[in-house]
Amino acid sequence: MNGRQLAEAARALRPGLKVLFITGYAESTALSHGHLGAGMRLLAKPFTLQALAGHVRTMLAGSAAAVP
């Protein structure tokens, strides 16, 4: 089971679950199997602690706005 499959299985049990994928692969590769659903975000490595905190903060706030 990969991360995307795990997220989908978890969301089947908790439909409102927010998911942050963290990957070392290029964003285009990580998204090649479809678009991210609502409440899902992608953070590519390497990233700063501030970028991680920004993504988490945005997700917890329920905002769909992009994090710089």
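Worth saying up front: this structure is predicted, and the values here are computed from it rather than measured.
- Summarising the geometry, atom CZ belonging to Arg11 is positioned 10.0 Å from atom NZ belonging to Lys18; distances are rounded to the nearest 0.5 Å.
- Under the 4.5 angstrom side-chain criterion for Ile, Leu, Val, Met, Phe, Trp and Tyr, Leu13 has no cluster partners at all.
- For the pair Ala7 and Met40, the tightest heavy-atom approach, listed with the atom from each and the gap, is CB-CE, 4.2 Å.
- No donor-acceptor distance shorter than 3.5 angstrom exists from the side chain of Glu8 to the backbone of Gln5, with no hydrogens or angles considered.
- Evaluation of the side-chain contact (heavy atoms from CB on, under 4.5 Å) rule for Ile22 yields Leu20, Leu43, Lys45, Phe47, Leu52 as partners, not counting sequence neighbours.
- Taking all atoms of both residues into account, the shortest heavy-atom contact from Leu42 to His55 is O-CE1, 3.8 Å.
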